[in-house]
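Letters go in sequence order (proteins before strands), and every chain restarts at 1. Side chains are part of it too, since the values below use all heavy atoms of this structure and drop only hydrogens, waters and symmetry mates.
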Number of protein chains: 2
Amino acid sequence: MNACSDMPGNMARKTGSHSEITGPRIRAAALHLFARHGYAAVSMRQIAAEVGVQAGALYLYTPDKQTLLFDLMRGHLEDLLQAWAAEPKGEGPLARLEAFARFHIRFHLDRPDAVFIAYMELRNLEPENFASIEALRKAYEDELETILRDGAASGLMRVPDTKLATLALIAMLTGVGTWYREGGRLSRDRVERIYWNMVRRAVGA
Amino acid sequence: MNACSDMPGNMARKTGSHSEITGPRIRAAALHLFARHGYAAVSMRQIAAEVGVQAGALYLYTPDKQTLLFDLMRGHLEDLLQAWAAEPKGEGPLARLEAFARFHIRFHLDRPDAVFIAYMELRNLEPENFASIEALRKAYEDELETILRDGAASGLMRVPDTKLATLALIAMLTGVGTWYREGGRLSRDRVERIYWNMVRRAVGA
DNA sequence: CCTTGAAATGAACGCTTGTTCAGATATGCC
DNA sequence: GGCATATCTGAACAAGCGTTCATTTCAAGG
């Protein structure tokens, strides 16, 4: 049970003197198992087994199980915000709304496990971790709300309540992950287009 | 309605079989705790403590923890189907769609805990229980899909893919439970109306 | 009064949990 | 070769898990 006759390479100019192979593998295994069975239902021993190490080895990479979950969620939401910031958005509220809808679907279809966890495991976060994650999520929602508010202000959209519309649209778009399966009846592009049409019409544009 | 799968060794109700007080109290406590912390994170001892009995007493009312979860979910979905069947629906696809949207929001706002569980704890069901619950959920989705198909066939709605639209709309409507709080900024009736307008526009009607 | 039987207790079962840590193992550098 | 250091094992810990069951409590019926 070596799993690592392949070298750890030269490491550790940084303080985090841990393997750059095992660390990511632990995160991947935890992501997969948490998404499939839920945080509380997955034991550290199960995660370790999926990676091919003993349970004790996990603690070289994470101080405890709770932090492992928190890091996964924070990593996902930071990726989300960063990817959206880097997304080309076009000009005007309508173009931006389309960019948002398509981006959201694409991003979420690429990471079904992380999306599932970020939504389902909020209740398993300790209070301060929860607050930290909620702030990130709020920042993302604000991106959409700003678009809707601009759209309403300029008369291009009809949304009686931007906050409500924001949450309704995000719920709808995120829901795609609950049923979409790769290689299914509909292509990603077709899904993107159909959803975008529903979003556009829902805001009266 | 929602009867327990297996009432323990006891026949008809002469002097009142099992306590008609404790049974429902267990279900209520389990509903509340499962919704708050998740099935896997809640112990039988915690449920018992909330009811005010010892853990062993729970087994007078349920054969095991899994069945307790299953009964909660089945009861909720059966109530949902029955309530929709009893709902006045009006005539024509558009009236039926409005009835569905408003019914769905109203029903789900009344039972946030049960809704949460029915969606989040699917992965904690053993395979045969899962299949049974999925069938009920599918039956409900079919109600909406039928409306959308009729609406599209009669030219009253524009939905390029009824299956996709069904799932998108249900996700949007169900999402209301994640943010709505009693006594908040918006009245139930206003929420219902805003959502219904978004639904109507989303299907191009 | 006694009998009945359901309702609940409280201790016990075998097992799993997250976490710790001394010791083994492997690798890179001198 | 030998030293240093990063990585991992394997056993151990206390605590908690779902579940069982002999025993107690207690209201009701004859």
Side-chain angles (χ1 to χ4, degrees), chain A residues 1-27 29-30 33-34 37-72 121 124-126 129, chain B residues 4-27 29-30 33-34 37-71 121 124-126 129:
Chain A
M1 33 201 69
N2 39 28
C4 288
S5 58
D6 44 344
M7 49 76 228
N10 47 8
M11 56 205 18
R13 343 165 203 282
K14 301 202 166 183
T15 57
S17 54
H18 299 137
S19 162
E20 282 146 25
I21 294 175
T22 309
R25 290 224 289 159
I26 290 173
R27 280 188 292 263
L33 288 170
F34 287 168
H37 305 108
Y39 170 77
V42 172
S43 71
M44 295 300 266
R45 283 170 181 83
Q46 284 177 264
I47 298 170
E50 183 125 322
V51 177
V53 297
Q54 294 296 319
L58 301 185
Y59 291 86
L60 293 173
Y61 302 90
T62 190
D64 51 40
K65 191 188 178 191
Q66 165 79 197
T67 305
L68 182 53
L69 172 64
F70 174 64
D71 286 342
L72 289 176
E121 304 296 357
N124 286 308
L125 289 175
E126 285 154 13
N129 289 341
Chain B
C4 203
S5 296
D6 253 293
M7 285 297 238
N10 173 350
M11 29 234 78
R13 47 195 62 210
K14 284 168 98 172
T15 63
S17 66
H18 279 101
S19 164
E20 281 144 26
I21 295 175
T22 308
R25 291 222 291 160
I26 291 173
R27 281 189 291 268
L33 289 171
F34 287 168
H37 305 108
Y39 171 77
V42 172
S43 71
M44 295 299 267
R45 284 171 180 83
Q46 284 177 266
I47 298 169
E50 183 126 323
V51 177
V53 297
Q54 294 296 319
L58 301 185
Y59 291 84
L60 266 343
Y61 300 91
T62 190
D64 50 42
K65 192 188 178 191
Q66 165 80 196
T67 305
L68 182 53
L69 172 64
F70 174 64
D71 285 341
E121 305 295 357
N124 287 307
L125 289 176
E126 285 154 12
N129 289 341

Subject >> Rounded interatomic separation in angstrom, taking CG from A:L58 and P from C:dC21 >> reply: 16 Å
Subject >> Atom-to-atom span, CD1 of B:I26 to P of C:dA7 - whole angstrom >> reply: 11 Å
Subject >> Length of the line joining B:L33:CG and D:dG18:P, which is rounded to integer Å >> reply: 12 Å
**OP:** Check every strand shown and say whether A:V42 touches a base, only sugar-phosphate, or nothing at a heavy-atom separation below 4.0 Å.
**Re:** sugar-phosphate
Original post:
Side-chain N or O of B:Y61 less than 4.0 angstrom from OP1 or OP2 on C:dA8?
Top reply: yes
Original post:
So, do B:L68 and B:Y61 sit near enough that their side-chain heavy atoms are less than 4.5 Å apart?
Top reply: no
**OP:** Kindly indicate whether the side chain of A:E126, heavy atoms from C-beta on, has any atom under 4.5 Å from the side chain of A:F70.
**Re:** no
Original post:
Just wondering, do A:L58 and A:I47 contact through their side chains at under 4.5 Å, heavy atoms?
Top reply: yes
**OP:** Measure the distance from CG on B:D64 to C1' on D:dC17 and round it to the nearest whole Å.
**Re:** 14 Å
Original post:
Hey, is the side chain of A:T22 poking within less than 4.0 Å of OP1 or OP2 on D:dT7, counting only N and O atoms?
Top reply: no
Subject >> Nucleotide of D:dT7, D:dT9, C:dT19 approaching A:V53 most closely (side-chain heavy atoms) >> reply: D:dT9
Original post:
Is any side-chain N or O of B:S43 closer than 4.0 Å to OP1 or OP2 of D:dG16?
Top reply: no
Original post:
Taking for each residue the nucleotide of DNA chain C with the nearest heavy atom, is it B:G52 or A:Q66 whose nucleotide lies nearer the 5' end?
Top reply: B:G52
**OP:** Determine whether A:Q66 and A:L125 make a side-chain contact, defined as any pair of heavy atoms from C-beta on separated by less than 4.5 Å.
**Re:** yes
Subject >> Whole angstrom value for the distance that separates C1' of C:dT19 from NZ of A:K65 >> reply: 12 Å
**OP:** Taking only the side-chain heavy atoms of B:A57 (C-beta and beyond), determine which of C:dT9, D:dG18, C:dT19 contains the nearest atom.
**Re:** C:dT9
Subject >> Minimum heavy-atom distance A:E121-A:G38, with the two atoms named >> reply: OE2-CA, 3.2 Å
Subject >> Note, A:M44 side chain near A:Y59 side chain (heavy atom, < 4.5 Å) >> reply: yes
Strictly under 3.5 Å: I want the nitrogen or oxygen pairs between protein and nucleotides 11-13 of chain D, one per line.
from   : atom 1 : to    : atom 2 : distance (Å)
D:dA12 : N6     : A:R45 : NH2    : 3.3

**OP:** Let me know the distance between OH of B:Y59 and P of D:dA22, rounded to the nearest Å.
**Re:** 17 Å
Original post:
Counting side-chain heavy atoms from CB outward, which of D:dT7, C:dA8, C:dG18 is closest to A:L60?
Top reply: D:dT7
Subject >> Gap between atoms CD1 and P, on A:I47 and C:dT17 respectively (whole Å) >> reply: 11 Å
Subject >> For atom CD of B:Q54 and atom C1' of D:dC21, their distance in whole Å >> reply: 15 Å
Original post:
Does B:E50 use its side chain to pair, donor to acceptor, with the backbone of B:A29 at less than 3.5 Å?
Top reply: no
